[in-house]
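For reference, the structure is listed below as structure tokens.
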Amino acid sequence: MPQTEAQGAGNGGISGFRLFGGPGSRPRWWTELPLLLLVYGAYSAGRLLARGDVTTAVDHGLAILRVEKALNLNLEHPLNRLFTAHASLGVPADFWYASLHYLVTPLVLVWLFRSRAVHYTAARTWLMVSTLIGLVGFSLMPTCPPRLLDASHGFVDTMAQYSDWGWWGGQASAPRGLGGMTNQYAAMPSLHVGWSLWCGVMLWRHGRTPLVRAAAVAYPLLTTIVVMGTANHYFFDALAGIAVMLVGLLLVRPVRRGADRAKARLAPVLAAVLPGRTSPQGGTGPRNGDGPAAGAGRAGGRPVGVGAATSVTHASVVSGGCQTSAGDRIPHQRKPGAEPGAKPGGKPGGRSRGPKGTRPAGRPADAGDGAAATAGGAART
């Protein structure tokens, strides 16, 4: 069974982060996978629908560039010149941009699902909510990336320059011939940076080795450099990607509460549709106490052990202060020598004792031992 990190489960999942809520039932892959595919499909389709006007997108891109230059924050130009002049930097950067966000993000999700299940649901919710917020940004502010601006602005599309090295063509990181299936003006915010930040936070908080911690810091930083050096994003796009992730983090708890309320409202409907198969704990199958295993623990409609407990209760008729033997109603009614099977010398007998430390066959190991001990003590008083 995958590790679920019982420690810290009661204080809100991720230790020290109350935003991540408390633990719930462990998610199942056959429900998680369709959910993730549905959200990513909606995100991809939304990007295509949020194309906007090209002129407006170019205007937005130029406005961002002017503001960055005014603030001396246009880091894209020196990085792009560096990647353009040195293939040893440009080619790995293009592979990084075209591949890693499709590989690292799912791998971190799977790792959380298998090894940090207590924290998985909250982490997945954070990623999904932030992705949908990014989709809203693409719709409201279509932005032309630096590589698609006029050449007079000094940017080179490294993906097109080094297209012979990889599977991509001249249209972003899409495979050759599939450039029409991506929205090249979805630059604001940069979810390459946003997703890499999410991966970094997950690796930092749940990693256990210095190497994992180092990767947690290096991955988002290098991704930010790559998206600017390949002329796919502005520096402000990267900042917007970080802001989107912060807003998504703040929305994790209310979104999860809303999801819990929705589940609670759907529970009676599911119970009506599937009578006898939905338990109060949200699972299926017999309820607690039902089924053959539970029936095996009953004798004649009464749970095993009830009769023994009742006989023990009636064996001690009055309180211990009265020093009454088992079965007597008057203190000292029986004398030690009058008990059936008593041995000469006043000690009760009649039962063969086995080796020291063992019980006679057929004698249950229950509270009757205590009653017999009480009775023996009273008889010797």
Side-chain angles (χ1 to χ4, degrees), residues 47 54 57-105 138 141-197 199-200 214-242:
R47 278 182 53 131
V54 174
V58 172
D59 291 341
H60 289 160
L62 292 175
I64 291 173
L65 189 59
R66 284 194 296 269
V67 174
E68 287 185 358
K69 287 182 177 180
L71 298 175
N72 292 321
L73 293 176
N74 57 322
L75 304 177
E76 311 91 89
H77 272 118
L79 289 172
N80 183 242
R81 286 193 293 266
L82 184 64
F83 285 13
T84 302
H86 301 281
S88 59
L89 295 176
V91 173
D94 287 344
F95 274 101
W96 186 294
Y97 182 83
S99 306
L100 289 193
H101 69 296
Y102 292 122
L103 297 176
V104 177
T105 309
F138 302 151
M141 190 174 177
T143 303
C144 178
R147 62 185 180 81
L148 294 182
L149 294 176
D150 189 83
S152 60
H153 294 286
F155 291 103
V156 175
D157 186 354
T158 63
M159 303 292 291
Q161 180 183 4
Y162 301 118
S163 60
D164 293 339
W165 292 79
W167 61 85
W168 55 84
Q171 296 175 305
S173 58
R176 290 184 182 89
L178 299 179
M181 299 183 66
T182 184
N183 181 4
Q184 299 191 74
Y185 298 99
M188 171 67 78
S190 171
L191 287 186
H192 274 75
V193 174
W195 290 354
S196 67
L197 176 64
C199 293
V217 176
Y219 182 56
L221 288 178
L222 291 176
T223 299
T224 304
I225 293 173
V226 163
V227 300
M228 292 189 292
T230 57
N232 279 286
H233 290 281
Y234 304 96
F235 178 62
F236 277 10
D237 294 346
L239 293 181
I242 296 172

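It should be emphasised that the depicted structure is a prediction, and the values quoted were computed from it without experimental measurement.
- Contact annotation: the side chain of Phe235 never approaches that of Leu79 to less than 4.5 Å [non-hydrogen atoms, C-beta and beyond].
- Closest heavy-atom contact between Pro142 and His60: O-ND1, 2.7 Å.
- Counting only heavy atoms from C-beta outward, the side chains of Phe138 and Leu191 approach each other to under 4.5 Å.
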Side chain to side chain contact (heavy atoms under 4.5 Å, CB included) between Val193 and His233, intermediate numbers included
CA-CA 10 Å; Val193 174; His233 290 281; over 6 Å; no
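- Phe83 and Thr230 make their closest contact through CD2-N, 3.9 Å (heavy atoms, listed as atom of the first residue, atom of the second, distance).
- Judged by distance alone, the side chain of Ser88 and the main-chain N or O of His86 form no donor-acceptor pair under 3.5 Å.
- Shortest non-hydrogen contact noted between Phe95 and Gly166 is CZ-CA, 4.0 Å.
- Asp94 has its side chain out of reach of Trp165: every pair of non-hydrogen atoms, C-beta onward, lies at least 4.5 Å apart.
- Closest approach of Ala231 and Pro145 over heavy atoms only: O-CB, 4.1 Å.
- For the pair Leu149 and Cys144, the minimum side-chain heavy-atom distance is below 4.5 Å.
- Smallest separation of non-hydrogen atoms from Gly241 and Pro189: N-CB, 3.6 Å.
- Annotation for Gly229 and Thr158: closest pair O-CG2, 3.9 Å, computed over non-hydrogen atoms.
- Looking only at distances, no side-chain donor or acceptor of His192 sits under 3.5 Å from a matching main-chain atom of His101.
- Rounded to the nearest 0.5 angstrom, Leu100 CG and Leu222 CG are separated by 10.0 Å.
- Residues Leu62 and His153 meet the side-chain proximity criterion, which asks for heavy atoms closer than 4.5 Å.
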Full working for side chain to side chain contact (heavy atoms under 4.5 Å, CB included) between Trp195 and Tyr219:
CA-CA 10 Å; Trp195 290 354; Tyr219 182 56; over 6 Å; no
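- Two residues are said to be in side-chain contact when any heavy atoms from C-beta on lie closer than 4.5 Å; Leu82 and Leu89 meet this criterion.
- Although no hydrogens or angles enter the test, the distance criterion places a donor-acceptor pair under 3.5 Å between the side chain of Asn80 and the main chain of Val156.
- Relative orientation of the Phe155 and Tyr234 rings is perpendicular, given thresholds of 30° and 60° on the angle between their planes.
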Would you check, one step at a time, whether the test side chain to side chain contact (heavy atoms under 4.5 Å, CB included) holds for His77 with Glu68?
CA-CA 11 Å; His77 272 118; Glu68 287 185 358; over 6 Å; no
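- Side-chain contact between Thr143 and Ile64 is present, with heavy atoms from C-beta onward closer than 4.5 Å.
- Here the straight-line distance linking atom CG of Leu148 with atom CG of Asp157 works out to 7.0 Å at 0.5 Å rounding.
- At a threshold of 4.5 Å between non-hydrogen side-chain atoms, the residues Val58 and Asp150 do not count as touching.
- With Asn74 contributing its side chain and Glu76 its backbone, the two residues share no donor-acceptor pair below 3.5 Å.
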